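Let me begin by presenting the structure, written as structure tokens, before commenting on it.
For clarity, every value in this text was computed on a predicted model and none was experimentally measured. Below, all heavy atoms of this structure are taken into account, side chains as well, without hydrogens, waters or symmetry copies.
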Amino acid sequence: MGTGLIIWGAIAVVGFLSVTYGISIYNTLVQVRNNVGKAWKNIDVLLQQRHDELPKLIDACVAYMKHEREVLDQLTKLRTGYDLAKTTAEKVQIENELNKVMGRLGLVWEAYPDLKASQNFLQVQGRVSAVESSIADRREFFNDSVNIYNIAIEQFPNLILAVLLSYQRHPFLEVPEELKKDVKMKFA
């Protein structure tokens, strides 16, 4: 009877440790998933501010850039698509596209010296630039959170529980290629 009791005791201890370890893994996965959600909500506030400022910037530019309508139309469509997006992944995809178009808009601004001198444009551009700077900081935090989450759901044994819970990889917010190029400085 003593050997059977020892075996059952060992089974109970192993079972208890397994359940405790499983709970620990689950809690870790929940924490990293919620950190991604929190990071997105922080960036979402700033993105909403930018989306609120974009119509003002577009209005300030329209009079100067009649033939640059395509860029302005793309900005408007992406802004509307962002408002209609339901998931974080959809918003990240639209935001990555919006960043590319914003880079092209910067090139358009350079082509219009009178626009750059307009007080209305300068005020709106200043507000958008301040929001862009804040977004860059939050983008880094978001991408760090996404990286930690993606690693956590792909590591063994977390992978087993992540698959059972249908956890999927999160996309990163990307910096458009146009913004990675060297800046050409012109001095008069």
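For the atom pair CG of Leu161 and CD1 of Ile23, the computed distance is 10.5 Å after rounding to the nearest 0.5 Å. A distance of 9.0 Å separates OG of Ser145 from CG of Asn42, quoted to the nearest 0.5 Å. The distance from atom CD of Gln93 to atom CG of Leu78, rounded to the nearest 0.5 Å, is 10.0 Å. Going from atom OG1 of Thr87 over to atom CD of Glu90 covers 3.5 Å, rounded to the nearest 0.5 Å. A distance of 9.5 Å separates CZ in Phe156 from CG in Asn158, rounded to the nearest 0.5 Å. Note that CD of Gln168 and CD1 of Ile153 are 7.0 Å apart. Values are rounded to the nearest 0.5 Å.
Residues passing the side-chain hydrogen bond (donor to acceptor under 3.5 Å, both in side chains) test with Gln155: none are found, sequence neighbours excluded. By the side-chain hydrogen bond (donor to acceptor under 3.5 Å, both in side chains) test, Gln48 is found to be paired with Asp52, residues two or more places apart in sequence or in another chain being considered.
Within a 6.0 Å sphere centred on CD of Gln49, heavy atoms belonging to other residues, nucleotides or ligands number more than 12. Heavy-atom contacts from other residues, nucleotides or ligands closer than 6.0 Å to CZ of Phe172 number more than 12. Atom CD of Glu154 has more than 12 neighbouring heavy atoms from other residues, nucleotides or ligands inside a 6.0 Å radius.
Residues Pro157 and Ile25 meet the side-chain proximity criterion, which asks for heavy atoms closer than 4.5 Å. With a 4.5 Å cut-off on side-chain heavy atoms, Thr20 and Phe16 count as touching. With contacts defined as side-chain heavy-atom distances shorter than 4.5 Å, the pair Lys41/Lys38 does not qualify. Annotation: side chain of Val30 is in contact with side chain of Tyr167 (closest heavy-atom distance under 4.5 Å). The closest side-chain heavy-atom distance from Leu29 to Tyr149 is not below 4.5 Å. Between Glu97 and Ile94, the closest side-chain pair of non-hydrogen atoms is not below 4.5 Å. Arg139 is listed as a side-chain neighbour of Ile43, based on a closest heavy-atom distance under 4.5 Å.
Between Tyr82 and Trp40, the angle of the ring planes lies from 30° to 60°, which puts this pair in the tilted group.
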task: Step by step, work out the side chain to side chain contact (heavy atoms under 4.5 Å, CB included) result for Lys91 and Asp44.
output: CA-CA 9 Å; Lys91 287 185 176 190; Asp44 198 34; 3.8 Å; yes
message: Run Val32 and Val36 through side chain to side chain contact (heavy atoms under 4.5 Å, CB included) and show every step you take.
response: CA-CA 6 Å; Val32 295; Val36 170; 5.9 Å; no
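Nearest heavy atom pair, residue Arg169 against residue Asn150, reads CA-OD1, 3.3 Å.
Tyr21 and Tyr26 end up in the same hydrophobic cluster when Ile, Leu, Val, Met, Phe, Trp and Tyr side chains are linked at under 4.5 Å. Placement of Val146 and Leu165 within a single hydrophobic cluster is found when ILVMFWY residues are connected by side-chain heavy-atom separations under 4.5 Å, directly or transitively.
Each of Leu5, Ile6, Ile7 was checked for a side-chain contact (heavy atoms from CB on, under 4.5 Å) with Thr3, and the lone residue meeting it is Ile7.
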